Amino acid sequence: MKQVMFTYPEKARFGRIVPKSKIYAQTNPSKKLRQLFVDQVDQIVWQYKLAPETINVPAKAPVTEIQVFDLVLRTDEISEDVLRCIDRAIQFPIFFQTKYNGKVKSIAAYKRPSEADSAKWVVDLYFDTAWQPEAVASVRLPLALDMSSLYEQMLKQHLDVPARSGESFQGHIERIREMRQTQGEIKKLEKRIAQEKQFNRKAELNSQLQELKQNLKALNRPK
């Protein structure tokens, strides 16, 4: 898992605390989800606003701004449901700097405009870095010609599966999605095999398992 953290320009600092009630008002979360916010999140800070006027990089559809949120946590775990709730409340890509006990981890979703309604954004897969000490030196933002390119380059540094030669950014994301789905199927099948008592059925499931593992190996193979 990668350990990259970015250094953001001081001119881009926003530094406003976001009350949880503001997120609730936008998304109307369930009682269970609100409790997750209470249990896991101490404070939400809208720390940086990356935009043409703050970092001198022109907007280009679909990305006109990128937001950076600090999440001060009460635990070293943060539910994806909590992140997704915040992402749905803010109609821009967000990079979360989750902080706990002197350590920090960056988490971001692949967000894209909805094909059905370009005014709405789809919150897709989440990617994260490893936990690292807050005092560790950060890296500068990638050089980019526009905001959409900057977003892709920032998110790429969170991906732990290397891109294939000539592979598009969306193709890269789709391959990771397929890998995650296959990994989930493997876990479910391994659990079924462990519970299966009949030899013939177990042999059949093992055959399916080996096929899934071969598929996963192929997806992970550079081309």
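Note that the structure is predicted; figures quoted are calculated from it, not measured.
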Query raised in the report: For Val104, what are the other residues in its hydrophobic cluster, where any two members join if their side-chain heavy atoms are less than 4.5 angstrom apart?
Result: Met5

Query raised in the report: Do Leu71 and Lys99 come close enough that some side-chain heavy atom pair is under 4.5 Å?
Result: no

Requested in this report: Apply the test side chain to side chain contact (heavy atoms under 4.5 Å, CB included) to residues Asp128 and His158: give CA-CA distance (whole Å), side-chain angles for both, the deciding distance (0.1 Å), then the verdict.
Outcome: CA-CA 6 Å; Asp128 60 5; His158 289 65; 5.6 Å; no

Query raised in the report: What distance separates Ile90 CD1 from Ile23 CD1, expressed to the nearest 0.5 Å?
Result: 5.0 Å

**Report entry** ILVMFWY cluster, Ile86 and Phe92 together (side-chain gap under 4.5 Å)
**Finding:** yes

Report summary line: The remaining residues in the hydrophobic cluster of Val122, counting side-chain heavy-atom contacts under 4.5 Å among Ile, Leu, Val, Met, Phe, Trp and Tyr, are none

Query raised in the report: Are Val72 and Ile94 connected in a single hydrophobic cluster, I mean Ile/Leu/Val/Met/Phe/Trp/Tyr linked by side-chain heavy atoms less than 4.5 Å apart?
Result: no

Query raised in the report: Distance from Ile44 atom CD1 to Ile17 atom CD1, nearest 0.5 Å?
Result: 10.5 Å

Query raised in the report: When clusters are formed by joining ILVMFWY residues with side-chain heavy atoms under 4.5 Å apart, either directly or through shared neighbours, do Val68 and Val139 land in the same one?
Result: yes

Query raised in the report: Please walk me through it: do Phe127 and Ile107 pass side chain to side chain contact (heavy atoms under 4.5 Å, CB included)?
Result: CA-CA 6 Å; Phe127 304 94; Ile107 309 175; over 6 Å; no

Query - Heavy atoms from other residues, nucleotides or ligands near CG of Asn56 exceed 12 (cutoff 6.0 Å) - result: no

**Report entry** Pairs touching residues 28-57 that satisfy salt bridge (charged side-chain N to carboxylate O under 4.0 Å, His left out), sequence neighbours left out
**Finding:** Asp42-Arg74, Lys49-Glu53, Lys49-Glu65

Query raised in the report: Just by modelled atom types, is the Arg140 backbone N or O under 3.5 Å from a matching donor or acceptor in the Thr7 side chain?
Result: no

Query raised in the report: Does Ala51 offer a backbone N or O that forms a donor-acceptor pair with the side chain of Thr54 under 3.5 Å?
Result: yes

Query raised in the report: Is the side chain of Gln40 donor-acceptor paired with the backbone N or O of Ser79 at a distance under 3.5 Å, no angle test?
Result: yes

Query raised in the report: Do Ile66 and Val45 share a hydrophobic cluster, counting only Ile, Leu, Val, Met, Phe, Trp and Tyr and linking them when any side-chain heavy atoms are less than 4.5 Å apart?
Result: no

Query - Test salt bridge (Lys or Arg N to Asp or Glu O under 4.0 Å) applied to Arg177 and Glu174, step by step - result: CA-CA 5 Å; Arg177 181 199 315 285; Glu174 287 301 320; 3.0 Å; yes

Query raised in the report: Does the Thr129 side chain pair with the main chain of Lys105, one donor and one acceptor, at a distance under 3.5 Å?
Result: no

Query raised in the report: Are a donor atom and an acceptor atom from the side chains of Ser149 and Gln153 found within less than 3.5 Å of each other?
Result: yes

Requested in this report: For Cys85 and Leu33, run side chain to side chain contact (heavy atoms under 4.5 Å, CB included): C-alpha distance rounded to whole Å, both residues' side-chain angles, the deciding distance at 0.1 Å, then the answer.
Outcome: CA-CA 9 Å; Cys85 184; Leu33 183 50; 4.0 Å; yes

**Report entry** Atom of Pro113, atom of Pro62 and distance for their closest heavy-atom approach
**Finding:** CG-CB, 3.3 Å

Query raised in the report: Taking it one step at a time, do Lys111 and Asp87 satisfy salt bridge (Lys or Arg N to Asp or Glu O under 4.0 Å)?
Result: CA-CA 9 Å; Lys111 290 177 78 170; Asp87 260 314; 3.1 Å; yes

Query raised in the report: In Å and rounded to the nearest 0.5 Å, what is the CD1 to NZ distance from Ile193 to Lys188?
Result: 14.5 Å

Report summary line: Residue pairs passing the salt bridge (charged side-chain N to carboxylate O under 4.0 Å, His left out) test with at least one member in residues 210-220, sequence neighbours excluded, are Glu190-Lys213

Report task. May I ask you to test the Ile186-Leu209 pair for a side-chain heavy-atom distance under 4.5 Å? Result -> yes

Report task. Compare all side-chain heavy atoms of Pro142 with those of Leu150 and state whether any distance is below 4.5 angstrom. Result -> yes

Query raised in the report: Is a side-chain donor or acceptor of Asn206 paired with a backbone partner of Lys202 at a separation under 3.5 angstrom?
Result: yes

Report summary line: The residue among Met154, Gln47, Gln67 that forms side chain to side chain contact (heavy atoms under 4.5 Å, CB included) with Phe95 is Met154

Query - Minimum side-chain heavy-atom gap Thr182-Met179 below 4.5 Å - result: no

Query raised in the report: What pairs meet the salt bridge (charged side-chain N to carboxylate O under 4.0 Å, His left out) rule with one or both residues in residues 8-26, with sequence neighbours excluded?
Result: Glu10-Arg13

Report task. Please list, chain by chain and in numerical order, all residues satisfying ring-ring contact (aromatic ring centres under 6.0 Å, His included) with Phe37, sequence neighbours excluded. Result -> Tyr24

Query raised in the report: When Tyr48 is tested against each of Phe6, Phe14, Tyr8 for ring pair (Phe, Tyr, Trp, His ring centres under 6.0 Å), which residue passes?
Result: Tyr8

Query raised in the report: Just by modelled atom types, is the Asn200 backbone N or O under 3.5 Å from a matching donor or acceptor in the Gln198 side chain?
Result: no

Query raised in the report: Got more than 12 heavy atoms from elsewhere within 6.0 Å of NZ, Lys103?
Result: no

Report task. Apply salt bridge (Lys or Arg N to Asp or Glu O under 4.0 Å) to Arg201 and Glu204, showing your working. Result -> CA-CA 5 Å; Arg201 181 57 180 156; Glu204 182 182 338; 2.9 Å; yes

Query raised in the report: Can you say whether the rings of Phe169 and Tyr110 are parallel (under 30°), tilted (30 to 60°) or perpendicular (over 60°)?
Result: perpendicular

Query - Nearest-0.5 Å distance that lies between atom CD in Gln181 and atom CG in Leu216 - result: 12.0 Å

Query raised in the report: When rounded to the nearest 0.5 angstrom, what is the spacing between CD1 in Ile78 and CG in Leu36?
Result: 8.0 Å

**Report entry** Under 3.5 Å donor-acceptor, Ser106 side chain and Gln97 backbone
**Finding:** no

Requested in this report: Could you tell me the separation between the NZ atom of Lys191 and the CG atom of Leu205, rounded to the nearest 0.5 Å?
Outcome: 14.5 Å

Report task. Please check if the side chain of His172 supplies one atom and the backbone of Val161 the other of a donor-acceptor pair under 3.5 Å. Result -> yes

Query raised in the report: Are the side chain of Arg175 and the backbone N or O of Leu219 linked by a donor-acceptor pair below 3.5 Å?
Result: yes

Query raised in the report: Between the side chain of Tyr100 and the main-chain N/O of Trp131, is any donor-acceptor distance below 3.5 Å?
Result: no

